[in-house]
Q: 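Can you keep this structure in mind? I'll have questions shortly.
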Amino acid sequence: MNESSTPETVFDVLTSGRWLHGAAADFPEVTAALMRSADICHELNALRPSMSDERMALLRSLIGSMGVNTVINSPFRCDFGFNIHIGDNFIGNFNLTILDEAPVRIGHNVFIGPNCTIATITHALDAAQRNEGIMAAHPVTIGCNVWLASNVTVLPGVTIGDGTVIGAGSVVTRSLPPGVLAVGNPCRILRPITDADRIAPEEIAI
């Protein structure tokens, strides 16, 4: 490292995907970031849904970046907040949890149903190492026009392509291409989404 280099932080190591000793007591800056996020989420979740301006101000102080027309229903929880980046026209339904030790990037026009979890953090499989706090984080990317139905879990390192739909209760362990319907645990591609899936105008009541 030359003299002009910026010292590496624990947040840099997490973002890089490398393993580290993640005991919170060893990293007061992580403890502070987790507590800040927890406090803001607590305050957000205590507000009435009708207090939209106050809720949006808290979200903008918490989330790394957000587009227009963002709706996040309470309760909502995240770890840091600043690693979350959301596009336009986002709906996050009740009980959305985002563990954003690594970046979580969400495109435009994304629907997320109730009780969904997006996780970037993983722990060592070996019990002794896990108890020591050995962990790593891997980013999650969700493309535009994606719908996660209720009770979906997205695991670290996953990318979901544009226009893909994830069925209720699925656990997404691997990346998925654009334009498919995928379901199950582990989540697998069921079929492409095609023009045959369009609802005929005469079937739409209003």
Q: Are Val146 and Leu181 grouped together when hydrophobic residues (ILVMFWY) are joined by side-chain heavy atoms under 4.5 angstrom apart?
A: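 As far as the 4.5 Å side-chain criterion goes, Leu181 and Val146 are not connected within one cluster.
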Q: Check whether Asp100 reaches the backbone of Thr120 with its side chain - one donor and one acceptor, N or O, closer than 3.5 Å.
A: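 Not confirmed, Asp100 side chain does not pair with Thr120 backbone.
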Q: I'd like to know whether CZ of Arg130 has more than 12 heavy-atom contacts from other residues, nucleotides or ligands below 6.0 angstrom.
A: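 Atom CZ in Arg130 is crowded, with more than 12 foreign heavy atoms closer than 6.0 Å.
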Q: Would you please test Val154 and Val104 for side-chain contact (heavy atoms from CB on, under 4.5 Å) and show each step?
A: CA-CA 11 Å; Val154 180; Val104 174; over 6 Å; no
Q: For the hydrophobic clusters of this structure (ILVMFWY residues joined by side-chain heavy atoms under 4.5 Å, transitively), does one cluster hold both Phe80 and Phe27?
A: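 They do share one cluster, since a chain of ILVMFWY contacts under 4.5 Å joins Phe80 to Phe27.
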Q: Under the side-chain contact (heavy atoms from CB on, under 4.5 Å) criterion, do Glu43 and Asp39 qualify, and how do the steps go?
A: CA-CA 6 Å; Glu43 187 175 354; Asp39 282 349; over 6 Å; no
Q: Between Asp88 and Asn69, is the side-chain hydrogen bond (donor to acceptor under 3.5 Å, both in side chains) condition met? List the steps.
A: CA-CA 6 Å; Asp88 298 337; Asn69 301 324; over 6 Å; no
Q: Are the side chains of Ile121 and Leu14 in contact, using a 4.5 Å heavy-atom criterion?
A: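 Yes, their side chains come closer than 4.5 Å.
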Q: With a cut-off of 6.0 Å (strictly less than), are more than 12 heavy atoms of other residues, nucleotides or ligands near CD1 of Ile204?
A: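 Count over threshold, so yes.
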Q: Is a side-chain N or O of Ser170 found less than 3.5 angstrom from the main chain of Gly184, in a donor-acceptor match?
A: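 It does hold such a pair.
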Q: For Met51, does the CE atom have more than 12 heavy-atom neighbours from other residues, nucleotides or ligands under 6.0 Å away?
A: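 More than 12 heavy atoms, drawn from other residues, nucleotides or ligands, come within 6.0 Å of this atom.
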Q: According to a hydrophobic-cluster definition based on side-chain heavy atoms being under 4.5 Å apart (Ile, Leu, Val, Met, Phe, Trp, Tyr only), do Ile166 and Phe90 belong together?
A: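 Yes, because Ile166 and Phe90 connect within a single hydrophobic cluster, where side-chain heavy atoms sit under 4.5 Å apart.
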Q: For the CD atom of Glu8 and the OG atom of Ser16, what is their distance to the nearest 0.5 Å?
A: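 Nearest 0.5 Å value for the CD-OG distance: 6.5 Å.
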Q: Can you get from Met56 to Leu62 by hopping between Ile, Leu, Val, Met, Phe, Trp and Tyr side chains that sit under 4.5 Å apart?
A: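 Yes.
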Q: So Pro177 and Ile189, do their side chains get closer than 4.5 Å, heavy atoms only?
A: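 In short, these two side chains touch, coming nearer than 4.5 Å.
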Q: Taking atom CD1 of Ile160 and atom CH2 of Trp147, what is their separation to the nearest 0.5 Å?
A: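 Rounded to the nearest 0.5 Å, the CD1-CH2 separation comes out at 13.5 Å.
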Q: Between His85 (side chain) and Arg105 (backbone), is there a donor-acceptor pair under 3.5 Å?
A: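 Here the side-chain-to-backbone pair does not exist.
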Q: Stepwise, does the side-chain hydrogen bond (donor to acceptor under 3.5 Å, both in side chains) test hold for Thr15 with Asp12?
A: CA-CA 5 Å; Thr15 301; Asp12 296 325; 5.8 Å; no
Q: In this structure, are over 12 heavy atoms from other groups packed under 6.0 Å from Phe11 atom CZ?
A: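 Yes.
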Q: Where do Gly107 and Cys144 come nearest, in terms of heavy atoms and distance?
A: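 Heavy atoms only, the tightest pair is CA-SG, 4.0 Å.
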Q: So, the side chain of Asn83 versus the backbone of Glu101: is there a donor-acceptor pair under 3.5 Å, distance only?
A: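 Looks like yes, one N/O pair under 3.5 Å.
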Q: Is there a side-chain contact (heavy atoms from CB on, under 4.5 Å) between Asp79 and Ser37? Walk through the geometry before answering.
A: CA-CA 6 Å; Asp79 275 343; Ser37 175; 5.8 Å; no
Q: How long is the straight-line distance from CD1 of Ile91 back to CD1 of Ile112, given to the nearest 0.5 Å?
A: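 Here the interatomic distance stands at 10.5 Å.
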Q: Given side chains that start at C-beta, do those of Cys41 and Cys78 come closer than 4.5 Å, heavy atoms only?
A: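 They are in side-chain contact.
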Q: Looking at CE of Met66 and CD1 of Ile72, how far apart are the two atoms once the value is rounded to the nearest 0.5 Å?
A: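 With rounding to 0.5 Å, CE (Met66) is 6.5 Å from CD1 (Ile72).
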Q: How close do Gly17 and Ala136 get, counting heavy atoms only, and between which atoms?
A: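 Residues Gly17 and Ala136, closest heavy atoms: O-CB, 3.8 Å.
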Q: Evaluate the side-chain proximity of Arg18 to Val13: yes if any heavy-atom separation is below 4.5 Å, no if none is.
A: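 SC-SC contact between Val13 and Arg18 confirmed.
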Q: Considering all heavy atoms of both residues, which atom of Thr70 and which atom of Gly87 are nearest to each other, and what is their separation?
A: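 Closest pair (atom of Thr70, atom of Gly87, distance): OG1-O, 4.4 Å.
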Q: Within a radius of less than 6.0 Å around CZ of Arg174, do more than 12 heavy atoms belonging to other residues, nucleotides or ligands occur?
A: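 Counting neighbours around CZ of Arg174, 12 or fewer heavy atoms of other residues, nucleotides or ligands fall under 6.0 Å, so no.
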Q: Do Asn95 and Asn115 have a side chain donor and acceptor closer than 3.5 Å?
A: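 Asn95 vs Asn115: donor-acceptor pair found between side chains.
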Q: Just do the side-chain contact (heavy atoms from CB on, under 4.5 Å) check on His123 and Ile134 with the steps written out, would you?
A: CA-CA 6 Å; His123 302 275; Ile134 303 296; over 6 Å; no
Q: Working to the nearest 0.5 Å, report the span between NE2 of His138 and CG of Leu155.
A: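 CG of Leu155 is found 11.0 Å from NE2 of His138.
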Q: Under 4.5 Å between side-chain heavy atoms, counting indirect links through other Ile/Leu/Val/Met/Phe/Trp/Tyr residues: same cluster for Val10 and Phe82 or not?
A: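 Same cluster.
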Q: Provide the closest heavy-atom pair for Gly157 versus Val140 in the form atom of the first, atom of the second, distance.
A: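 Shortest heavy-atom separation between Gly157 and Val140 comes out as N-CG2, 4.1 Å.
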Q: Rounded at 0.5 Å granularity, tell me how far CG in Asn109 sits from CG in Asn145.
A: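 Between atom CG of Asn109 and atom CG of Asn145 there are 4.5 Å.
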Q: Would you say Asp197's side chain and Thr194's backbone share a donor-acceptor pair under 3.5 angstrom?
A: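 The answer is yes, because a donor-acceptor pair under 3.5 Å joins these two groups.
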Q: Between the side chain of Asp162 and the main-chain N/O of Pro178, is any donor-acceptor distance below 3.5 Å?
A: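 Looks like no, no N/O pair under 3.5 Å.
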Q: So, Arg77 side chain and Ala38 main chain: donor-acceptor pair closer than 3.5 Å or not?
A: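 Here the side-chain-to-backbone pair does not exist.
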